[in-house]
Amino acid sequence: MEFTAKQIAQFIQGKVEGNEDAIVTTFAKIEEGVPGAISFLANPKYTHYLYTTQSSVVLVDNSLQLDKPVAATLIRVDNARDCVAKLLQLYESMKPRKQGVDKLAFIAASAKVGANVYIGAFAYIGENAVIGDGCQIYPNATIGDNVVLGKNCIIYPNVTIYHDCKLGNNDTIHAGSVVGADGFGFAPNAETNSYDKIPQIGNVVLEDDVEIGANTCIDRSTMGSTIIRRGVKLDNLVQIAHNTDIGENTVMSAQVGIAGSTKVGQWCMFGGQVGIAGHITIGNKVFLGAQSGVPGSLKDNQILIGTPPMEQRSYFKSQAIFRKLPEMYRQLSELQKEIAELKKQK
């Protein structure tokens, strides 16, 4: 990668302040800048680094006011954070894609493999599996029988996709994730004083443009499908239980857990360690703060936090009071004693 500040500014529709011929060959955080790097400033807490960074070019918002001269060339844009994301996408697209089938990979005779595919060493492609054009399947991945992958999917090392699951186009599954393991279905048996396993005969369906983080688990349905809709992004260590339906463009941070048969709407955002009960419905554009616990259904367009979740302002007010409870309890005890003494004097 080698671009000039002028070329970068043209790509992101920015304005150069300084040397428009400054060369960029890499990316760096503004506090760790080196010559030849491009950095960005989006958080005011890091503004002081702008005057000391060694990066050759820094993306900044148009609204930034300088207190003193800077050595780096600046590119002013409407939103520096959004622009650096575009540049990172460009950089990623320039990397050469792996192609070809490693001689140590196993591909069942009945499987269908598309054009321009990469299949790494010790990957397993099962019977009647379909691998779409441009897919990349990294070493030790397992693609079960009858699995269908659309075009340009990326399956990283040690991913397991169980039988009969279906992926759309442009899906990415990061290392160690499991798609289609059995849902948690057991029924108590009084006669044997144990649990009988309920067979999970459904599958998992991932629609287009889904990205699944590392070591995330999406369970197959008891019947029908567990569905992850178009554009969903799941972080690492997320658990999606059987028969759940996750709406389009919903995002979930690490360690979120969704219990079975729950329907989550579109454009929702869940912070880390959010827990959702089973057999409920979460509306569209519901934002849940970290560690929220949701026991019942929620309507559209809410910003909630806590267990059970409450409106954000009310939650923070309640937390402020909660910290004062020991002192409030002491004062209440003293008042009770004073009242008791007054009653004795009557």
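The structure displayed is predicted, hence computed values, not measured ones.
For CD1 of Ile303, the number of neighbouring non-hydrogen atoms (other residues, nucleotides, ligands) closer than 6.0 Å is 12 at most. Annotation for Phe11: atom CZ counts as buried by contact number, over 12 foreign heavy atoms lying within 6.0 Å. Counting heavy-atom neighbours within 6.0 Å of Asn193 CG, excluding the residue itself, gives a total of 12 or less. Annotation: Arg81, atom CZ; neighbour count of heavy atoms from other residues, nucleotides and ligands within 6.0 Å does not exceed 12. Within a 6.0 Å radius of NZ in Lys285, other residues, nucleotides and ligands contribute 12 heavy atoms or fewer.
A donor-acceptor distance shorter than 3.5 angstrom exists from the side chain of Thr262 to the backbone of Ala277, with no hydrogens or angles considered. Between the side chain of Thr53 and the backbone N or O of Leu50, no donor-acceptor pair lies under 3.5 Å. Judged purely by atom type and a 3.5 angstrom limit, Ser55 has no side-chain atom pairing as donor or acceptor with the backbone of Ile38. A distance-only check finds a donor-acceptor pair linking the side chain of Ser221 to the backbone of Met223 [under 3.5 Å]. With hydrogens and angles ignored, the 3.5 Å screen pairs no side-chain donor or acceptor of Asp171 with any backbone N or O of Cys153. Judged purely by atom type and a 3.5 angstrom limit, Asn169 has no side-chain atom pairing as donor or acceptor with the backbone of Gly150.
Side-chain atoms of Asp300 and Val286, non-hydrogen and from C-beta on, never get closer than 4.5 Å to each other. Ile218 places a side-chain heavy atom less than 4.5 Å from the side chain of Leu234. Side-chain contact check for Thr25 versus Phe3: every heavy-atom pair is 4.5 Å or farther apart. Here the side chains of Gln291 and Val274 are not in contact, with every heavy-atom distance at 4.5 Å or above. Using a 4.5 Å heavy-atom threshold, the side chains of Val205 and Thr226 count as separate. In this structure, His163 and Arg220 have side chains that are in contact, with non-hydrogen atoms separated by less than 4.5 Å. Side-chain contact between Val24 and Thr4 is absent, with no heavy atoms from C-beta onward closer than 4.5 Å. Using a 4.5 Å cut-off on side-chain heavy atoms (C-beta onward), Ile240 and Val256 make no contact.
Interatomic distance, CD1 of Ile23 versus OG of Ser56, reported as 9.0 Å (0.5 Å rounding). The structure places CG of Leu88 at 11.5 Å from SG of Cys83, a figure rounded to the nearest 0.5 Å. Between Ser318 atom OG and Arg313 atom CZ the span is 12.5 Å, to the nearest 0.5 Å. Note: Met269 CE to Ser253 OG = 7.5 Å, rounded to the nearest 0.5 Å. Put simply, OH on Tyr49 and CD1 on Ile30 are 9.5 Å apart, with the number rounded to the nearest 0.5 Å. To the nearest 0.5 Å, the span separating CD1 on Ile212 from OG on Ser177 amounts to 7.0 Å.
Through side-chain heavy atoms spaced under 4.5 Å, either directly or across other Ile, Leu, Val, Met, Phe, Trp or Tyr residues, Leu104 is tied to Phe122.
The only option from Val204, Val178, Val179, Val147 that meets the side chain to side chain contact (heavy atoms under 4.5 Å, CB included) definition with Tyr162 turns out to be Val178.
Taking Glu311 as the reference, nothing meets the salt bridge (charged side-chain N to carboxylate O under 4.0 Å, His left out) condition, with sequence neighbours excluded. Not counting sequence neighbours, Gln312 has no partner by the side-chain hydrogen bond (donor to acceptor under 3.5 Å, both in side chains) test. With sequence neighbours left out, Asn62 forms a side-chain hydrogen bond (donor to acceptor under 3.5 Å, both in side chains) with Asp78. Asp209 meets the side-chain hydrogen bond (donor to acceptor under 3.5 Å, both in side chains) test with Asn170; sequence neighbours excluded. Gln331 pairs by the side-chain hydrogen bond (donor to acceptor under 3.5 Å, both in side chains) definition with Glu327, not counting sequence neighbours. Checked against side chain to side chain contact (heavy atoms under 4.5 Å, CB included), Gln13 has no partners two or more places apart in sequence or in another chain.
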TODO: Evaluate the criterion side chain to side chain contact (heavy atoms under 4.5 Å, CB included) for residue pair Asp82 and Val77; output intermediate values, then yes/no.
DONE: CA-CA 9 Å; Asp82 287 349; Val77 291; over 6 Å; no
Task: side chain to side chain contact (heavy atoms under 4.5 Å, CB included) between Lys324 and Ile321, intermediate numbers included - done: CA-CA 5 Å; Lys324 298 178 181 179; Ile321 294 171; 5.6 Å; no
TODO: Could you walk me through whether Leu59 and Leu87 pass the side chain to side chain contact (heavy atoms under 4.5 Å, CB included) test, one step at a time?
DONE: CA-CA 11 Å; Leu59 299 180; Leu87 291 175; 3.8 Å; yes
- [ ] Start with the C-alpha gap between Asp219 and Gln239, add the side-chain angles, then the distance that decides, and say whether side-chain hydrogen bond (donor to acceptor under 3.5 Å, both in side chains) holds.
- [x] CA-CA 8 Å; Asp219 291 346; Gln239 162 65 24; 3.1 Å; yes
Open item on the list: If you apply the rule side-chain hydrogen bond (donor to acceptor under 3.5 Å, both in side chains), what do you find for Asn203 with Ser225, and how did you get there?
Closed with: CA-CA 5 Å; Asn203 71 346; Ser225 298; 2.6 Å; yes
- [ ] Before giving the answer on side chain to side chain contact (heavy atoms under 4.5 Å, CB included), spell out for Val251 and Val232 the whole-Å C-alpha distance, their side-chain angles and the decisive distance to 0.1 Å.
- [x] CA-CA 6 Å; Val251 296; Val232 168; over 6 Å; no
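Pairs engaging residues 244-271 under the salt bridge (charged side-chain N to carboxylate O under 4.0 Å, His left out) rule: Arg229-Asp245, Arg230-Glu248, Asp245-Lys263 [sequence neighbours left out]. Sorted by first and then second residue, the ring-ring contact (aromatic ring centres under 6.0 Å, His included) pairs involving residues 20-42 (not counting sequence neighbours) are Phe27-Tyr91. Note on residues 272-320: no pairs pass ring-ring contact (aromatic ring centres under 6.0 Å, His included), not counting sequence neighbours. The stretch residues 115-127 participates, sequence neighbours left out, in these side chain to side chain donor-acceptor pair (under 3.5 Å) pairs: Ser110-Glu127. Within the structure, every pair that satisfies the side chain to side chain donor-acceptor pair (under 3.5 Å) test and touches residues 131-154, not counting sequence neighbours, is listed here: Asn146-Asp164.
Under the 4.0 Å criterion applied to side-chain N and carboxylate O atoms, Lys197 and Asp182 are assigned as salt-bridge partners. A salt bridge does not link Glu334 with Lys337: every distance from a Lys NZ or Arg NE/NH1/NH2 to an Asp or Glu carboxylate oxygen is 4.0 Å or more.
Side-chain atoms of Thr222 and Gln200 form a donor-acceptor pair, as typed in the model, at a separation below 3.5 Å. Side-chain contact check for Ser194 and Asn189: no donor-acceptor pair (N or O, by modelled atom type) lies under 3.5 Å.
Stacking of Lys68 on the aromatic ring of Tyr51 is recorded, both the 6.0 Å distance cut-off and the 45° axial limit being met.
Ring pair Tyr156/His174 is parallel by interplanar angle, where below 30° counts as parallel and above 60° as perpendicular.
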